[in-house]
Amino acid sequence: MVVVAQLVRASDCGSEGRRFEPDHPPQTPLHASSQLLFTFGSWQAEWGGIHVIKRQKMEISAKFEPSSFEDKWYQYWLEKKIFHSVPDQREAYTIVIPPPNVTGVLHMGHMLNNTIQDVLIRRARMKGKNACWVPGTDHASIATEARVVAKLASEGIMKKDLSREVFLQHAWEWKEKHGGIILEQLKKLGASCDWDRTKFTMEHDMSESVIKVFVDLYKKGKIYRGVRMVNWDPSAKTAVSDEEVFHKEVQSKLYYIKYIIEGTEEFVTVATTRPETILGDTAVCVNPNDEKYLHLKGKKLIVPIVKRIVPVIFDEYVDMEFGTGALKITPAHDLNDYELGLKYQLEVIDIFNDNGTLNEKAGFYVGIDRFSARDKIIDDLKQQNLIVKIEDYTNKIGYSERTNAVIEPKLSVQWFVKMKELAVPALENVMNDNIQLYPTKFKNTYKHWMENVKDWCISRQLWWGQRIPAYYLPDGSFVVAENIETALLLAKQKYPQITLQELRQDEDVLDTWFSSWLWPISVFDGIRNPENPDIKYYYPTNDLVTAPEILFFWVARMIIAGYEYCGDMPFKNVYLTGIVRDKLGRKMSKSLGNSPDPLDLINKYGADGVRVGMLLCSPAGNDLPFDESLTEQGRNFGNKIWNAFRLVNNWPVDNNISQPVHSKLAVEWFDQLLNQNINNIENCFNDYRLSDALMAVYKLFWDEFSGWYLEIIKPDYQKPIDKKTLEASQLFFEKLLKLLHPFMPFITEELWHSMPGKMQQESISLSILDQAKIANSQIIDDFEEAKEVISNIRAIRKNKNIVQKDPLKLHVNSKLITYKNTYDTIICKLCNISEVSTALPSSQNTISFLVKTFEFSIVLEGLINNEEELDKLNKELDYLKGFHSSVMNKLNNEKFMSGAPDKVKEIEYNKKKDAESKIFSLEERIKQLLN
RNA sequence: GGGAGCUUAGCUCAGCUGGUUCAGAGCACCUGCCUUACAAGCAGGGGGUCACAGGUUCGAUCCCUGUAGCUCCCACCA
């Protein structure tokens, strides 16, 4: 029914007064009439020329200050061993942490990652599962070694002057001192890891597992040693994997250089960006279809500077359009050249030392750095008049992720894992969803990579890491064994007289990923001891939460290792988070200085606030545009919960008063709503939509519970509440706290302990989440009555608002459904009005009633004769008629009738019926108005 | 160069297998407000040609094609 408000009379009495505090002066000017209001209280003040008097405030607990209780509860959890897990009869729920670098400090990416893991693990714990979250750190060989080298250098100690043993001592010292900071920081966030299980990838048992796997793979023929083109980091003097190289676009030059044709004065011009590699040239290649070079068939060219005579080879690999169409071939220093070299059996001349300077094989510029050598060779070529031209050119150059040095493609002897066969089950089980990726879009990327997987270079020319268990014999051959004693036995098969001293272990260590790919297994000691109870109980783990950027070099490899060593997946679900970015969309990084310090944020907004802030904007796989205002929102939510708690637990109870009818209604209504939401939240978790789950709890608590439920049941000031309503409210609160706990562990624990009566569990972490009373499918919307009351309150508020703003405005547009005076009292309270009266005379077919506010009264009537009303009705009628005809179009359309499913047709029939009855009643009302 | 994905309100994003209860949420914004839990708050409100152009269909935010812009992954042409 349409309601029109009419200003009846103004009144300036009735208000009980406005409350002021010294630190909260009113932010808006007072109405003139307000002067009358401040007549009692305990203090007085002048504000805005108006005499203001404060009244006594109800005694309440302290302000919401997260810092006052967070540490306390974390300690409590640790003391009670709440996070500790041992195998038992319950279903296991396991997460292994993506081990952060031991050198690392907490950044926003970790915050996001670990918040998600903690939410999942805490929820599982509260669902009665035996939840185990295994923490730990990764030895990060390149990064850590670089740190230690730098630290020693600052003390004037050079790595090259140290023995391996002494260097490792320094490294361990460094690790003991600086490692593990990040784990301490995670505690501030509330991470509920089982700290008793903390692992480090270089611990004794972990290393043993790594070595065992290496030996095993070697025996299976999956590991081989070979000369390969690798990404060489001349600064760290080690090979790095493809994944550790990043490409950057740089301004460089393209040099056009003359190669004289042997025995003639003629020359071929070759374009190159790397003239220093000329010294390693062993051929020049042109496209066989390139007519301008047909005359080169059978000819030889003279490489400038070194004057080496090299053949011209013809291969379609060469792009005729690029440069001059002639390509110099340096098999030792370019991957493609290397492959051409293999194809045409060219000589391979490696002209670089490990540190990027030129070696004797270059013949010239020996000992000079590659970039200086480039300048020198250009000078020399100019002098010899061998440069045709030099062009500006933009190309991409690979840099080492760790040291930022320009990567040198270099031939070297390295250890490799054959990946092709190992990858088969890992691909299959992701494609058939045995292992689920969230979001699923990463399946494509995963598939593409696994189908084109290349052999994995696992050796690193470093000291910090697991040393490759290959032992060389004096004749250059080697044996692979788990320790030197076994190696000796193997060696004796070939040379019975050989001694331990004659064996020399490989100097290299293994790629860090070669230990982390075993992480979900080795943390439970499943490699060394596949039968131990932990691995049997906790493996496969449930969820892995990590960043998409390490999908290949970590996630995929863990899956491979899982099938190879446990015959089963390492985890069932992989939740891939986004990258945390700043407001401008830039990746958060230390160098940009755009990353807030997570600990500062925690201090400012509380861990719960930060957690909520991170989760509010982090749908799976999407980047997370982080802004501090989000944590503020999280903090505000905590404040809301805090205050709602104060309200619910500060009422005096009176066992003798009966439950008001509106409270009864509210309790029934909220109970259903809570159940609906429990179901909804469960669904969100099942789909890994954590943001949605949080948002559902957020709205449930803030809007429905605080905004409606509490306002309805709230007794008048200093009046007692009835027992029934109070108990229902406290139970609701308890259930809400449990729903909130995985997201906001600290505040919920704090309030849990302040709940009246005895909680069944000493910590909310150990309480069991409530199941919804009704299944999803059975939810019926049967709180019509409550909805009506709410809708009526809204309508009155709206009218009041409009009339307050503009007392002359008589027509407002809102609807009252039906009106029952059963709920008068609550309507008055929530609308802040003094009286609702239906005693006014009403015209036919209308409901009229008087709403008295403090300052004036308005009449809400069902219908008022006036043009505007008529106009509105006509508009509504037009819409309905249009709607009706569109429905009729469908129903009269043969194709629709034959093609559309019955369900849809039924909907359309109902729409038709509904629209027709609405049209009928509208037309009736318009008729009445016109009469 | 190859592949994947995205484009919906000022911002961040939901919209399941096409069907007016589908054009939504949170934040931000605007207006009014110290109202006895909470101004870290309350009440009310205004915002969108669902990137653009075609097509399929009875019907398109949803399916197809093309265009533009953005993001990511892979390869790396000297």
Side-chain angles (χ1 to χ4, degrees), chain A residues 15-21 24-28 55-58 60 63-64 242 247 254 270-274 277 285 317-319 321-324 326-330 334-337 395-396 398 441-442 444-445 448-449 452 548-549 551-552 579 583 585 605 609 616-617 619 621-625 627 629-630 632-633 635-650 687 689 691-692 695 698-699 706-707 710-711 714 716-718 794 797-798 800-802 804-805 830-832 883 886-887 889-890 892-901 903-905 907-908 911:
Chain A
S15 172
E16 288 186 33
R18 297 160 92 183
R19 181 170 55 85
F20 297 97
E21 291 174 41
H24 279 303
Q27 286 163 2
T28 46
R55 56 183 300 174
Q56 203 77 43
K57 215 182 162 187
M58 184 173 71
I60 47 158
K63 269 201 116 166
F64 171 57
D242 291 345
H247 294 269
L254 188 56
V270 170
T272 180
T273 52
R274 301 203 53 197
T277 62
C285 187
Y317 164 75
V318 177
D319 179 356
E321 304 305 315
F322 189 88
T324 61
L327 171 66
K328 68 187 216 50
I329 304 296
T330 323
D334 180 281
L335 185 58
N336 296 304
D337 289 10
N395 64 342
K396 282 187 171 178
K441 68 177 176 188
F442 287 106
N444 285 329
T445 329
H448 188 256
W449 193 77
N452 298 289
E549 57 219 55
L551 181 60
F552 305 129
I579 296 165
K583 257 185 177 168
Y605 298 103
L616 278 174
C617 59
N622 274 6
D623 284 358
L624 185 154
D627 185 67
S629 66
L630 290 162
E632 199 180 329
Q633 194 187 343
R635 190 267 322 257
N636 292 355
F637 186 40
N639 184 57
K640 187 74 188 178
I641 298 167
W642 186 263
N643 283 300
F645 179 83
R646 285 171 43 207
L647 179 68
V648 172
N649 291 286
N650 272 326
D687 297 342
R689 288 182 288 119
S691 292
D692 290 353
M695 189 44 74
Y698 181 91
K699 283 195 278 195
S706 302
L710 288 181
E711 290 301 332
K714 183 161 77 178
D716 290 338
Y717 177 57
Q718 285 188 339
R794 284 221 157 103
R797 276 175 177 169
K798 188 171 171 178
K800 201 185 139 199
N801 201 294
I802 290 168
Q804 265 175 337
K805 243 187 267 179
L830 293 205
C831 295
N832 203 18
F883 175 64
S886 91
V887 173
N889 278 344
K890 284 185 196 175
N892 291 332
N893 185 315
E894 272 180 36
K895 285 183 182 169
F896 173 78
M897 291 310 286
S898 57
K903 218 160 92 188
V904 174
K905 276 188 249 174
I907 293 170
E908 295 300 326
K911 279 185 203 157

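To find a chain, count down the sequence lines: A is the first, B the second, and so on, and within it residues start at 1.
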Figure out the [atom1]/[atom2] separation between [X] and [N], and round it to whole Å.
{"X": "Met695(A)", "N": "rG24(B)", "atom1": "CE", "atom2": "P", "answer": "18 Å"}
{"X": "Phe64(A)", "N": "rA40(B)", "atom1": "CZ", "atom2": "P", "answer": "13 Å"}
{"X": "Arg646(A)", "N": "rA37(B)", "atom1": "CZ", "atom2": "C1'", "answer": "5 Å"}
{"X": "Leu630(A)", "N": "rA25(B)", "atom1": "CG", "atom2": "C1'", "answer": "14 Å"}
{"X": "Asn636(A)", "N": "rC42(B)", "atom1": "CG", "atom2": "P", "answer": "10 Å"}
{"X": "Asn452(A)", "N": "rA4(B)", "atom1": "CG", "atom2": "C1'", "answer": "14 Å"}
{"X": "Lys63(A)", "N": "rC38(B)", "atom1": "NZ", "atom2": "P", "answer": "11 Å"}
{"X": "Tyr698(A)", "N": "rA14(B)", "atom1": "OH", "atom2": "C1'", "answer": "17 Å"}

When you get a sec, tell me which of [options] is the closest nucleotide to the side chain of [X]?
{"X": "Asn643(A)", "options": "rC76(B), rC73(B), rC38(B)", "value": "rC38(B)"}
{"X": "Asp334(A)", "options": "rA25(B), rC73(B), rC77(B)", "value": "rC77(B)"}
{"X": "Asn639(A)", "options": "rG5(B), rA37(B), rC38(B)", "value": "rC38(B)"}
{"X": "Lys441(A)", "options": "rG5(B), rA78(B), rA37(B)", "value": "rG5(B)"}
{"X": "His448(A)", "options": "rA78(B), rC38(B), rC74(B)", "value": "rC74(B)"}

For the pair Phe64(A) and Trp642(A), name the ring-plane relationship: parallel under 30°, tilted 30 to 60°, perpendicular over 60°.
tilted
Does Asn336(A) offer a backbone N or O that forms a donor-acceptor pair with the side chain of Asp334(A) under 3.5 Å?
yes
How close do Ser706(A) and Ala644(A) get, heavy atom to heavy atom, and via which atoms?
OG-CB, 4.1 Å
Shortest non-hydrogen contact from Thr277(A) to Thr330(A)?
O-CG2, 3.4 Å
Any side-chain heavy-atom pair of Lys328(A) and Asp337(A) under 4.5 Å:
no
Taking C-beta and beyond as the side chain, do Asn643(A) and Leu647(A) meet within less than 4.5 Å on heavy atoms?
no
For [N] and [M], measure between their [atom1] atoms and round to the nearest Å.
{"N": "rG69(B)", "M": "rU56(B)", "atom1": "P", "answer": "28 Å"}
{"N": "rG45(B)", "M": "rA53(B)", "atom1": "C1'", "answer": "36 Å"}
{"N": "rG26(B)", "M": "rU65(B)", "atom1": "P", "answer": "36 Å"}
{"N": "rA14(B)", "M": "rG55(B)", "atom1": "C1'", "answer": "28 Å"}
{"N": "rC64(B)", "M": "rG24(B)", "atom1": "P", "answer": "26 Å"}
{"N": "rC63(B)", "M": "rG47(B)", "atom1": "P", "answer": "29 Å"}
{"N": "rC16(B)", "M": "rU61(B)", "atom1": "P", "answer": "13 Å"}
{"N": "rC11(B)", "M": "rA51(B)", "atom1": "P", "answer": "14 Å"}

Determine the contact category for [X]: base if any of its heavy atoms lies under 4.0 Å from a base atom, sugar-phosphate if only primed atoms, P, OP1 or OP2 are that close, otherwise nothing.
{"X": "Lys714(A)", "answer": "base"}
{"X": "Asp319(A)", "answer": "base"}
{"X": "Val318(A)", "answer": "base"}
{"X": "Ile329(A)", "answer": "nothing"}
{"X": "Glu549(A)", "answer": "nothing"}
{"X": "Thr330(A)", "answer": "nothing"}

Once rounded to the nearest 0.5 Å, what's the spacing between atom [atom1] of [X] and atom [atom2] of [Y]?
{"X": "Leu616(A)", "Y": "Asp627(A)", "atom1": "CG", "atom2": "CG", "value": "12.0 Å"}
{"X": "Leu551(A)", "Y": "Phe442(A)", "atom1": "CG", "atom2": "CZ", "value": "7.0 Å"}
{"X": "Arg646(A)", "Y": "Lys63(A)", "atom1": "CZ", "atom2": "NZ", "value": "10.0 Å"}
{"X": "Asn639(A)", "Y": "Glu632(A)", "atom1": "CG", "atom2": "CD", "value": "11.5 Å"}

I want to verify the glycosidic state of rG47(B); is it syn or anti under the 90° rule?
syn
Side-chain donor or acceptor of Gln633(A) under 3.5 Å from a matching atom on the base of rA28(B)?
no
Less than 3.5 Å between a donor and an acceptor, one on the side chain of Arg797(A) and one on the base of rA43(B), is that the case here?
no
Does a nitrogen or oxygen in the side chain of [X] sit under 4.0 Å from OP1 or OP2 of [N]?
{"X": "Lys640(A)", "N": "rC42(B)", "value": "yes"}
{"X": "Asn336(A)", "N": "rC77(B)", "value": "yes"}
{"X": "Arg274(A)", "N": "rA78(B)", "value": "no"}

Starting at the 5' end of RNA chain B, write a dot or bracket for each base, bracketing those in Watson-Crick or G-U wobble pairs whose two distances are under 3.5 Å and using | for partners on another strand.
(((((((..((((.....[....)))).(((((.......))))).....(((((..]....))))))))))))....
Closest to the 5' end of RNA chain B, once Ser706(A) and Lys328(A) are matched to their nearest nucleotides, is Ser706(A)
